[in-house]
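Report on the following structure.
To find a chain, count down the sequence lines: A is the first, B the second, and so on, and within it residues start at 1.
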2 protein chains.
Amino acid sequence: MLPITVQAEEESGLCPVRAILVTVTGKWSSLILLALEDGPQRFSAIKRLIGDISQRVLTENLRALERDGYVRREVVPGSPIEVRYQLTPMGGDLLSRIIPLVTWATNHHAAVQAARNRYDADERVS
Amino acid sequence: MLPITVQAEEESGLCPVRAILVTVTGKWSSLILLALEDGPQRFSAIKRLIGDISQRVLTENLRALERDGYVRREVVPGSPIEVRYQLTPMGGDLLSRIIPLVTWATNHHAAVQAARNRYDADERVS
DNA sequence: CAGTATCCTTTACGATACTG
DNA sequence: CAGTATCGTAAAGGATACTG
């Protein structure tokens with residue numbers, strides 16, 4: 001096993017590593033980080049890239065990512081105003097560990113789908 | 001940007017890669033996979049390793065992981081019965097992409113905590 | 001444009017009790 | 001031991017309307 005505490009610490013909330021993973025492994029976080037891979041993007045561009053995320057939830061997630069230091073938010077004054085989001089160095093570093101996972105998923109989604117179909121077929125019988 | 005569809009496909013549900021990521025990036029999945037890193041474990045051992053997961057939720061998550069082909073469930077008859085869970089080759093392969101992320105989190109949790117403190121302090125002022 | 005505010009539904013989860 | 005069943009709570013998320 002890795003030298004990390006899988007188990008949460010009872011006294012002081014969560015194991016610090018768990019505290020990071022909770023954010024990173026959220027439903028939207030990795031997708032948002034991915035959307036910033038090629039450089040800064042405006043709010044609306046990120047929303048368009050992901051597609052099925054609501055404005056409210058995107059804002060929430062961007063704030064959480066900003067809070068953790070993965071993303072920087074920059075307001076360009078004007079009317080209408082423009083807000084750019086970009087990866088910080090730490091965010092880029094994190095993304096470089098997420099990308100292998102996404103690549104893996106790209107290469108294995110057929111195998112996973114097959115496994116699901118097999119499982120569901122067996123379920124139907126039993 | 002990577003050659004994957006960040007955006008969901010409107011017609012047929014989700015982009016297949018997204019369909020994998022939803023499971024993989026769940027709150028518990030990576031922890032369960034991690035608990036199986038060193039070899040097969042019984043249900044109760046996994047539960048003890050993670051600590052703060054309820055029996056119901058652990059069962060649910062193990063079933064999902066089994067369905068996707070990452071984990072194999074094996075019942076050893078007897079009384080009381082024993083159920084072993086172990087990684088499949090595909091599950092082990094997936095875990096090898098998750099571990100760098102966990103290692104990264106281990107090495108950066110202090111920096112993230114500092115970023116959070118900074119952000120929260122600024123919030124208090126504004 | 002980039003949010004905020006509000007409402008409402010869905011999902012995830014924990015706790016507890018029970019069983020082969 | 002390894003579940004299943006049931007209940008209740010809390011968090012996540014979608015939809016819509018409104019604003020500097």
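Between A:R118 and A:D122 no salt bridge is recorded (no basic side-chain N to carboxylate O distance below 4.0 Å).
Distances shorter than 4.0 Å separate none of the side-chain N or O atoms of B:R42 from OP1 or OP2 on D:dC1. Side-chain N/O atoms of A:T59 include none lying less than 4.0 angstrom from OP1 or OP2 on C:dG3. Residue B:R73 places at least one side-chain N or O closer than 4.0 Å to OP1 or OP2 of D:dG3.
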Sugar-phosphate or base contact per nucleotide [nucleotides 9-20 of chain C; S, B, -; heavy atom under 4.0 Å]: ----BBB-----
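Shown here are the side-chain hydrogen bond (donor to acceptor under 3.5 Å, both in side chains) partners of B:Q55, two or more places apart in sequence or in another chain: there are none. B:R116 pairs by the side-chain contact (heavy atoms from CB on, under 4.5 Å) definition with A:A19, A:T23, A:R67, A:D68, B:V112, B:Q113, not counting sequence neighbours. Applying the side-chain hydrogen bond (donor to acceptor under 3.5 Å, both in side chains) test to B:R84 and every residue at least two apart in sequence or in another chain returns nothing. Residues satisfying the ring pair (Phe, Tyr, Trp, His ring centres under 6.0 Å) test with B:H108, not counting sequence neighbours, are B:W104.
Side chain of A:Y85, nearest nucleotide from C:dG3, D:dC1, D:dT4: C:dG3.
Between B:V71 and B:L33, some side-chain heavy-atom pair lies under the 4.5 Å cut-off. B:L95 is not listed as a side-chain neighbour of B:L36, based on a closest heavy-atom distance of 4.5 Å or more.
The backbone N or O of A:P89 sits nowhere less than 3.5 Å from a side-chain atom of A:D93 that would complete a donor-acceptor pair.
The CZ atom of A:R63 sits 18 Å away from the C1' atom of D:dA12 (whole-angstrom rounding). The nearest whole Å value for the distance from the CZ atom in B:R48 to the C1' atom in D:dA2 is 13 Å. The nearest whole Å value for the distance from the CD1 atom in A:I32 to the C1' atom in D:dA12 is 14 Å. Note: CD (B:E74) to P (D:dA2) measures 13 Å, nearest angstrom. The interatomic distance linking A:L58 (CG) with D:dG13 (C1') rounds to 13 Å, in whole Å.
If you check every strand for non-hydrogen atoms under 4.0 Å, A:R84 touches nothing.
Here the CG atom belonging to B:L58 is positioned 7.5 Å from the OH atom belonging to B:Y85, to the nearest 0.5 angstrom.
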With Watson-Crick and G-U wobble geometry limited to distances under 3.5 Å, how should the secondary structure of DNA chain C be encoded in dot-bracket form, using | for bases paired to another strand and [ ] for crossing pairs? ||||||||||||||||||||
